[in-house]
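Input: a single structure, listed below in structure tokens.
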Amino acid sequence: MRKLFLSLALLVTAFAFADNKVVSSPDGKLVVTISCEDGQASYAVKYDGKEVLKPSALGLKTNLGDFTKGLKMLPDAKQETLRYAYLLSRSKFSSVSVVANRLEVNFETEKRIPMSVIFCVEDNDIAFKYTLGRGRRDNPKCAVIYEEATAFNLPDETRTFICPQITPMTGWERTKPSYEEDYEADAPMNKNSRFGVGYTFPCLFRIPSVSSVAAMPQQTEHWVLISETGVSSEYCGARLSDYEAGRGYTVAYPQKGENNGFGSEYAAIMLPGETPWRTITVGKTLKPIVETTIPFDFVEPLYEPSEQYLPGRYTWSWLVWQDSATNYDDQVKLIDVASTMGYEYCLVDALWDVQIGYDRIEQLAEYAKSKNVKLMLWYNSNGFENDAPQGPRGVMHNAIKRKHEMAWMKKIGVKAIKVDFFGGDKQETMRLYEDILSDANDYGIQVIFHGCTLPRGWERMYPNYVASEAALASENVFFSDYHAKQEGFEMSMHPFARNAVGSFDWGGVMMNHYMSRDNKSRHQRFTSDIFEMATAITNQTSVNCVAMYPNNLNELPQFVLDFLREIPTRWDEVKFIDGYPTRYAVIARRTGNKWYVGGINGTDKAMTLTLRLPMFTGKTVRYYVDEAKKGGETHPVASLKTLKVNKKGEAKVTIQPMGGIIIVE
């Protein structure tokens with residue numbers, strides 16, 4: 001549990017300017033102003049004097065009352081400073097110190113029904129939520145929230161890096177929405193979303209110089225990342241609506257047809273109760289975006305871990321070998337690869353229940369144990385949520401069957417599950433996520449989710465939660481030449497959005513040059529080997545997939561194999577070095593006293609960069625780099641060199657098209 005120190009000397013009535021309440025970050029740069037005009041509550045945000053959110057609506061529509069109009073702001077707002085620290089075992093920092101100014105602003109309707117909004121403001125981050133049911137004389141015990149007025153009204157010149165939500169029960173086997181649509185880079189806000197139902201969290205925005213809307217990063221004035229956190233079984237997940245001029249984007253609840261139409265699209269809470277946190281991260285560079293801990297700073301663990309959950313690396317047959325490889329003999333080969341590489345886990349994917357069978361899975365678990373490897377097993381989340389046919393299905397949605405299955409897994413030594421094909425963002429579905437996690441903890445099992453929603457603070461809330469997909473991931477590189485060519489674009493987007501707010505199971509540091517078992521046929525992978533290796537650093541997850549196959553052990557240079565063996569399993573710190581969403585990303589991560597820097601180029605042009613690397617000042621370091629491609633080569637040759645970082649902590653590097661670099665002391 002965190003140690004909380006309240007600066008009681010600062011527990012004072014928040015100062016007011018006219019009818020406004022104001023709360024600032026500890027460094028004074030980030031300023032939130034809360035107002036109430038003509039019965040409508042709103043807030044506005046400035047950073048270093050620049051308006052990054054124009055007046056934006058606040059409020060809820062509930063069965064208790066309508067808090068979007070006829071409101072009065074009460075004078076008894078309270079402000080305090082929060083100081084505490086906490087540990088975070090499976091994210092981008094292992095320990096976090098929080099200093100935030102907290103402001104609680106109270107409102108009431110014309111019928112004197114109360115609502116409060118709580119703002120917590122750190123140096124680059126804002127989290128706010130609503131509370132209901134406190135101070136009610138009629139003492140209600142529950143509420144239904146139908147709608148939120150919460151808006152994010154960005155300046156007109158803002159450009160977007162956002163991923164559209166899709167309509168329910170669409171896509172393959174009616175499995176969508178699953179947060180697996182294409183990002184669009186640097187788009188104007190007034191361009192409607194592709195499917196007309198808004199955008200999934202997180203949403204990244206760039207506010208450029210007014211004189212240069214298409215400005216490059218050095219001219220950019222501000223970046224804004226909007227998301228939510230703290231969503232559990234007590235609420236539904238949300239998204240952003242399409243943009244509306246003069247109002248901006250608003251928080252939208254799930255679509256009625258999600259989860260095959262079962263369950264309400266509204267949220268129901270006990271009273272007194274609260275909504276999840278809405279979060280905003282702001283900076284003049286992308287550094288605060290990459291390094292933010294706002295998803296975790298104001299949530300709490302919901303239960304104690306039943307054991308110490310170990311991070312690691314895993315092999316996975318399905319990515320390239322596909323469904324037919326879910327057989328005993330092929331899984332033995334992948335266990336052997338994991339053992340040879342010193343990896344902790346091997347994932348047995350869909351259809352193992354019929355193509356291997358429960359008895360032989362027990363034998364496979366024993367074999368893995370003899371090789372010092374532990375099994376992970378795939379499960380379908382269904383139920384009735386969609387038509388995804390792969391098994392085991394009809395297990396994870398049912399508490400009795402689920403617990404029986406988990407008891408069996410614990411008995412044979414299975415240490416993690418990957419659960420796929422969820423039904424959307426309704427509260428009913430969020431309850432299923434939480435039930436799976438809680439039950440799995442009882443049996444010492446870690447959990448990865450695929451075909452799923454965005455994690456919202458879950459690394460801290462659920463100690464056995466590992467990561468989620470919630471993006472177009474590696475399987476699409478296998479499925480189509482188009483997505484193989486898009487890999488650079490997509491992987492250089494995620495450090496600044498999807499992976500900035502939660503652990504990301506991309507699903508493979510891919511070392512096959514071709515998306516086939518013989519590594520010669522089908523379409524090629526268009527990224528370099530160093531690019532793929534660098535994604536083990538630019539992408540953060542505590543149990544990382546390394547999609548290696550037996551052929552890779554003989555094909556790859558020894559120095560590449562050596563690096564793949566040393567991929568860290570736990571990170572203590574992250575630093576943004578350089579980058580621009582969908583073009584390139586250079587990220588540094590520390591494990592213990594050792595720093596790893598990974599850089600990827602998502603474009604078709606070579607990039608020469610001067611990097612500031614203070615952790616390597618004056619040192620000669622290992623430098624993994626691609627050679628320029630020669631005629632006829634489909635993939636550049638990978639090299640291991642040395643690099644001298646000067647006394648200013650700077651080094652000049654060149655990243656080849658769709659290539660990468662790695663720098664390690």
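Side chains included, hydrogens not; waters and symmetry mates left out as well; all remaining heavy atoms used.
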Handout entry: Which residues share a ring pair (Phe, Tyr, Trp, His ring centres under 6.0 Å) with Phe262, sequence neighbours left out
Key = Phe384
Handout entry: Expected output: side-chain Ser91 to main-chain Phe93 donor-acceptor under 3.5 Å
Key = no
Practice task
Decide yes or no for Asn464 and Ile445: does some side-chain heavy atom of the first lie under 4.5 Å from some side-chain heavy atom of the second?
Solution key: no
Exercise for the section: Can you establish whether the number of heavy atoms outside Lys46 located under 6.0 Å from its atom NZ is more than 12? Expected result: no
Exercise for the section: Taking atom types as modelled, find out whether Ser503 and Glu459 have a side-chain donor-acceptor pair closer than 3.5 angstrom. Expected result: yes
Handout entry: Salt-bridge criterion met for Lys575 and Glu291 (N-O under 4.0 Å)
Key = no
Problem - Close side-chain approach of Val96 to Asp297, heavy-atom, < 4.5 Å - result: yes
Handout entry: Side chain Asn259, main chain Gly424, donor-acceptor under 3.5 Å
Key = no
Problem - Straight-line distance of Thr535 OG1 to His494 NE2, nearest 0.5 Å - result: 11.0 Å
Exercise for the section: Please tell me if the side chains of Pro305 and Tyr462 come closer than 4.5 Å, counting only heavy atoms from C-beta onward. Expected result: no
Handout entry: Heavy-atom pair of closest approach, residues Asn380 and Gln390
Key = ND2-O, 2.9 Å
Exercise for the section: Could you verify whether a donor N or O on one side chain and an acceptor N or O on the other, from Tyr253 and Asp425, lie under 3.5 Å apart? Expected result: no
Exercise for the section: Under the side-chain hydrogen bond (donor to acceptor under 3.5 Å, both in side chains) rule, what do Tyr47 and Asn124 come out as? Steps first, then yes or no, please. Expected result: CA-CA 8 Å; Tyr47 185 78; Asn124 292 95; 3.2 Å; yes
Practice task
Return each pair, listed once, that meets salt bridge (Lys or Arg N to Asp or Glu O under 4.0 Å) where at least one residue sits in residues 84-108; pairs must be two or more places apart or across chains.
Solution key: Glu80-Arg102, Arg102-Glu104, Glu104-Arg134, Glu108-Arg112
Exercise for the section: Please round to the nearest 0.5 Å and tell me the distance separating atom CG of Leu271 and atom SG of Cys142. Expected result: 6.5 Å
Handout entry: Under-4.0 Å salt bridge between Lys426 and Glu258
Key = no
Problem - Flag side-chain contact, heavy atom, 4.5 Å: Tyr235 against Thr275 - result: yes
Handout entry: Side-chain ion pair, Glu385 and Arg174, N-O less than 4.0 Å
Key = no
Exercise for the section: Indicate yes or no: at least one non-hydrogen side-chain atom of Thr131 is less than 4.5 angstrom from one of Val117. Expected result: no
Handout entry: Pairwise distance CZ(Phe298) to CG(Leu82) - rounded to 0.5 angstrom
Key = 6.5 Å
Practice task
May I ask you to decide whether Lys418 forms a salt bridge with Asp349, counting only side-chain N to carboxylate O separations under 4.0 Å?
Solution key: yes
Problem - Under 3.5 Å side-chain donor-acceptor pair for Thr281 and Asp125 - result: yes
Problem - Intermediate values then yes/no, side-chain contact (heavy atoms from CB on, under 4.5 Å), Leu472 and Asp182 - result: CA-CA 7 Å; Leu472 276 168; Asp182 289 282; 3.4 Å; yes
Exercise for the section: Indicate, with yes or no, if the rings of Trp223 and Phe161 have centres closer together than 6.0 Å. Expected result: yes
Practice task
Determine, using ring centers only, whether Tyr43 and Phe128 are less than 6.0 Å apart.
Solution key: yes
Exercise for the section: With rounding to the nearest 0.5 Å, note down the distance linking OG1 in Thr569 to CG in Asn544. Expected result: 10.0 Å
Problem - Counterpart residues, ring pair (Phe, Tyr, Trp, His ring centres under 6.0 Å), relative to Phe201 (two or more places apart) - result: none
Fill in the blank from the handout: Minimal heavy-atom distance between Pro288 and Val282, with the atoms involved, is CB-O, 3.9 Å
Exercise for the section: Could you tell me whether the side chain of Arg589 and the main chain of Thr538 form a donor-acceptor pair under 3.5 Å? Expected result: yes
Handout entry: Parallel, tilted or perpendicular, as decided by the 30° and 60° cut-offs, for the rings of Phe496 and Phe576
Key = perpendicular
Handout entry: Test item: Ser468 side-chain N/O and Ala470 main-chain N/O as donor-acceptor pair under 3.5 Å
Key = no
Fill in the blank from the handout: Smallest heavy-atom separation, Ile34 atom then Met73 atom, equals O-CE, 3.6 Å
Exercise for the section: Using the side-chain contact (heavy atoms from CB on, under 4.5 Å) rule, take Lys21 and Leu103 through it: C-alpha gap first, then chi angles, then the decisive distance, then the call. Expected result: CA-CA 9 Å; Lys21 304 290 186 291; Leu103 175 68; 4.1 Å; yes
Exercise for the section: Measure from the ring center of Phe449 to the ring center of Tyr379 and say whether it is less than 6.0 Å. Expected result: no
Problem - Nearest atoms (heavy-atom pairs only) where Phe107 meets Ser35 - result: CE2-O, 4.5 Å
Practice task
List in chain and number order the residues that pass ring pair (Phe, Tyr, Trp, His ring centres under 6.0 Å) with Tyr266, two or more places apart in sequence or in another chain; answer none if no residue qualifies.
Solution key: Tyr146
Problem - Passing option when Val45 is tested against Val52, Asn153, Val224 for side chain to side chain contact (heavy atoms under 4.5 Å, CB included) - result: Val52
Problem - Flag side-chain contact, heavy atom, 4.5 Å: Leu454 against Val501 - result: yes
Fill in the blank from the handout: The reported gap from CZ in Phe504 to OG1 in Thr541 (rounded to nearest 0.5 angstrom) is 9.5 Å
Fill in the blank from the handout: Pro455 and Arg498 have their tightest heavy-atom pair at CD-NH2, 3.7 Å
Problem - Side-chain H-bond candidate by donor/acceptor type, Tyr309 with Asn441, under 3.5 Å - result: yes
Practice task
Begin with the C-alpha distance, continue with both residues' side-chain angles, and end with the deciding distance and a verdict on side-chain contact (heavy atoms from CB on, under 4.5 Å) for Val466 and Asp505.
Solution key: CA-CA 8 Å; Val466 174; Asp505 191 58; over 6 Å; no
Practice task
For Tyr179 and Thr453, test the side chains for any donor-to-acceptor distance below 3.5 angstrom and give the result as yes or no.
Solution key: yes
Exercise for the section: Would you check if there is a donor-acceptor pair between the side chains of Thr250 and Ser241 at a distance under 3.5 Å? Expected result: yes
Handout entry: Side chains of Thr150 and Tyr130, donor plus acceptor under 3.5 Å
Key = yes
Exercise for the section: Answer yes or no: is there a side-chain heavy-atom contact under 4.5 Å between Tyr433 and Val447? Expected result: no
Exercise for the section: Take the angle between the ring planes of Trp458 and Tyr465 and call it parallel below 30°, perpendicular above 60°, tilted in between. Expected result: perpendicular
Exercise for the section: Compute the ring centroids of Phe421 and Trp172, then answer whether they are less than 6.0 Å apart. Expected result: yes
Practice task
In sequence, state the C-alpha distance, the side-chain angles, and the governing distance for Ile269 and Ile145, and then conclude on side-chain contact (heavy atoms from CB on, under 4.5 Å).
Solution key: CA-CA 8 Å; Ile269 62 174; Ile145 294 89; 3.7 Å; yes
Exercise for the section: Please collect all salt bridge (Lys or Arg N to Asp or Glu O under 4.0 Å) contacts where either partner lies in residues 432-445, sequence neighbours excluded, each pair once. Expected result: Arg402-Asp439
Practice task
Would you kindly say whether Tyr183 and Tyr199 are connected by a side-chain donor-acceptor distance under 3.5 Å?
Solution key: no
Completion exercise
Shortest non-hydrogen pair, Gln446 vs Val543, comes out as OE1-CG2, 4.3 Å
Fill in the blank from the handout: Between the OG1 atom in Thr160 and the CG atom in Leu240, the distance rounded to the nearest 0.5 Å is 11.0 Å
Practice task
Could you tell me whether the side chain of Asp66 and the main chain of Thr68 form a donor-acceptor pair under 3.5 Å?
Solution key: yes
Exercise for the section: If a pair satisfies side-chain hydrogen bond (donor to acceptor under 3.5 Å, both in side chains) and one of its residues is in residues 55-65, list it, with sequence neighbours excluded. Expected result: none
